[in-house]
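Heavy-atom basis, side chains included; hydrogens, waters and symmetry copies ignored.
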Amino acid sequence: MAFMWKRFKNWLHWQMHPLPQSLREFKQTISVKGFDFELVPAQYQDVDEMVELEREAYHGEEPWSADIFHNELHRSRERLYVVVREPETGAMVAYIGAAFRPGIHEVHITNVTVAPHWQGRGIGTFLLMYMMTVAKQIRFNRMSLEVRVSNTSVQRLYERLGFQVVRRKAHYYEDNGEDALDMAQILGRKTDGFYVQK
């Protein structure tokens, strides 16, 4: 009985806190194609820059408001947003966001945004691979995301990383009613309650 209670408590804690504290408090230097950057968890004070980065990357549009970003960062138990900065200037280069869904063992990529000047230099790929690594480390076995049907270059990137089209979502994007492709990949297989990496 004591064993079952301990197991239930561990399961409940994992359901309520799928992300370890170490993922919310770190700072590391990364190198992407010869350029060094700082990788850190996003904080509330980063939101204005995240909104501005989206405006630059999406040609003046604002897909997400500051309020949405604040709400996402507030949900720190199951959300992870990571920022890439230039070490010399401190300027934000890119960020990625993910929603961790313990009930279905899925990590859903909510945003990947790279400053126009840095696009095409492997930073977006690095961030996606970083999230894949995090997902595997905490035994999540599926990753998903949406992409505009017109954004064929990004679709090719996702396909190279192992994502496949699952379905088409009609009129998904509010700004112009464009359809989205729901893409996903399996990171491991479930066996007796554990995930075995391929």
Side-chain angles (χ1 to χ4, degrees), residues 18-19 21 23-30 32-33 35-101 106-132 134-135 143-155 157-158 161 163 169 171-183:
L19 293 176
Q21 190 67 24
L23 287 174
R24 296 192 287 271
E25 299 174 356
F26 69 88
K27 180 177 182 179
Q28 65 186 89
T29 300
I30 61 170
V32 182
K33 293 191 175 179
F35 291 94
D36 291 335
F37 302 100
E38 289 181 350
L39 187 72
V40 295
Q43 307 294 328
Y44 289 115
Q45 59 265 29
D46 296 321
V47 166
D48 288 344
E49 284 181 273
M50 294 166 79
V51 172
E52 185 58 34
L53 192 64
E54 286 217 333
R55 286 198 190 105
E56 293 174 11
Y58 300 115
H59 312 293
E61 298 174 7
E62 188 179 312
W64 275 22
S65 68
D67 286 343
I68 293 175
F69 279 116
H70 277 114
N71 182 57
E72 287 288 290
L73 293 179
H74 182 69
R75 300 174 66 181
S76 60
R77 288 185 301 184
E78 73 275 359
R79 296 288 193 271
L80 178 62
Y81 283 76
V82 178
V83 170
V84 177
R85 291 187 177 278
E86 288 187 87
E88 297 85 7
T89 64
M92 187 180 294
V93 170
Y95 72 86
I96 188 169
F100 289 74
R101 300 166 172 171
E106 179 185 82
V107 179
H108 181 74
I109 302 298
T110 58
N111 303 69
V112 184
T113 304
V114 180
H117 173 71
W118 289 102
Q119 290 177 7
R121 303 193 193 196
I123 298 171
T125 301
F126 171 86
L127 288 173
L128 284 164
M129 293 180 72
Y130 172 83
M131 281 298 182
M132 288 180 200
V134 168
M143 182 168 278
S144 65
L145 49 77
E146 290 98 10
V147 60
R148 291 177 185 268
V149 294
S150 62
N151 200 343
T152 54
S153 61
V154 172
Q155 290 169 32
L157 165 63
Y158 294 155
L161 292 174
F163 288 87
K169 295 180 176 179
H171 313 298
Y172 182 80
Y173 293 98
E174 294 181 2
D175 58 344
N176 62 358
E178 186 175 357
D179 291 357
L181 295 179
D182 188 0
M183 302 184 74

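A distance of 6.5 Å separates CD in Glu86 from CZ in Phe37, rounded to the nearest 0.5 Å. One finds the CG atom of Asp48 at 11.0 Å from the CZ atom of Phe69 (value rounded to the nearest 0.5 Å). Atom CE of Met183 and atom CD of Gln155 lie 6.5 Å apart (nearest 0.5 Å). A distance of 4.0 Å separates OG1 in Thr110 from CH2 in Trp64, rounded to the nearest 0.5 Å.
In this structure, the side chains of Leu39 and Phe126 come closer than 4.5 Å at one or more pairs of heavy atoms. Between Gln43 and Asp46 there is a side-chain heavy-atom pair separated by less than 4.5 Å. Using a 4.5 Å cut-off on side-chain heavy atoms (C-beta onward), Val134 and Phe100 make contact. The side-chain heavy atoms of Phe163 and Met143, taken from C-beta on, include a pair separated by under 4.5 Å. Residues Phe35 and Val93 are not in side-chain contact: their nearest non-hydrogen atoms beyond the backbone lie 4.5 Å or more apart. Using a 4.5 Å heavy-atom threshold, the side chains of Leu145 and Leu128 count as touching.
The aromatic rings of Tyr95 and Tyr81 sit tilted relative to each other, their planes meeting at an angle between 30° and 60°.
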Should Val84 and Trp118 be marked as a side chain to side chain contact (heavy atoms under 4.5 Å, CB included) after you check the CA-CA gap, both sets of side-chain angles, and the distance that decides it?
CA-CA 11 Å; Val84 177; Trp118 289 102; over 6 Å; no
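The pair Glu106-Arg101 meets the salt-bridge criterion, since a charged nitrogen lies less than 4.0 angstrom from a carboxylate oxygen.
Neither side chain, Glu72 nor Asn111, offers a donor N or O lying under 3.5 Å from an acceptor on the other.
Applying the salt bridge (Lys or Arg N to Asp or Glu O under 4.0 Å) criterion to Arg121, with sequence neighbours excluded, gives no partner residue. For the salt bridge (Lys or Arg N to Asp or Glu O under 4.0 Å) test, no residue two or more places apart in sequence or in another chain qualifies with Lys33. Here Asp179 pairs with Arg168 under the salt bridge (Lys or Arg N to Asp or Glu O under 4.0 Å) rule; sequence neighbours left out. Remark: Glu146 pairs with Lys169 by the salt bridge (Lys or Arg N to Asp or Glu O under 4.0 Å) rule, at least two apart or across chains. Considering only residues two or more places apart in sequence or on other chains, Asn176 meets the side chain to side chain contact (heavy atoms under 4.5 Å, CB included) condition with Arg148, Tyr173, Glu178. Applying the side chain to side chain contact (heavy atoms under 4.5 Å, CB included) rule to Thr125 yields the partners Met129, Leu157, Leu161; only residues at least two apart in sequence or on another chain are considered.
In terms of heavy-atom proximity, Gly124 sits nearest to Val112 at CA-CG1, 4.3 Å. Here the shortest heavy-atom pairing between Val51 and Ser65 reads CG2-C, 4.2 Å. Heavy-atom minimum distance, Glu49 versus Gly90: OE2-O, 4.5 Å. Residue Ser144 comes nearest to His108 through the heavy atom pair OG-ND1, 2.7 Å, listed as atom of the first residue, atom of the second, then distance. The two atoms that bring Ile109 and Ala98 nearest to each other are CD1-CB, 4.1 Å, heavy atoms only. Scanning all heavy atoms of the two residues, the minimum distance from Leu127 to Ala94 falls at CD1-CB, 3.9 Å.
Within a 6.0 Å radius of CD in Gln45, more than 12 heavy atoms belonging to other residues, nucleotides or ligands are found.
Without hydrogens or angle criteria, His74 side chain to His70 main chain gives no donor-acceptor distance under 3.5 Å. Panel note: side chain Thr113, backbone Glu54; no donor-acceptor pair is recorded below 3.5 Å. Side-chain atoms of Glu38 never come within 3.5 Å of backbone atoms of Lys27 as a donor-acceptor pair (strictly under, hydrogens ignored).
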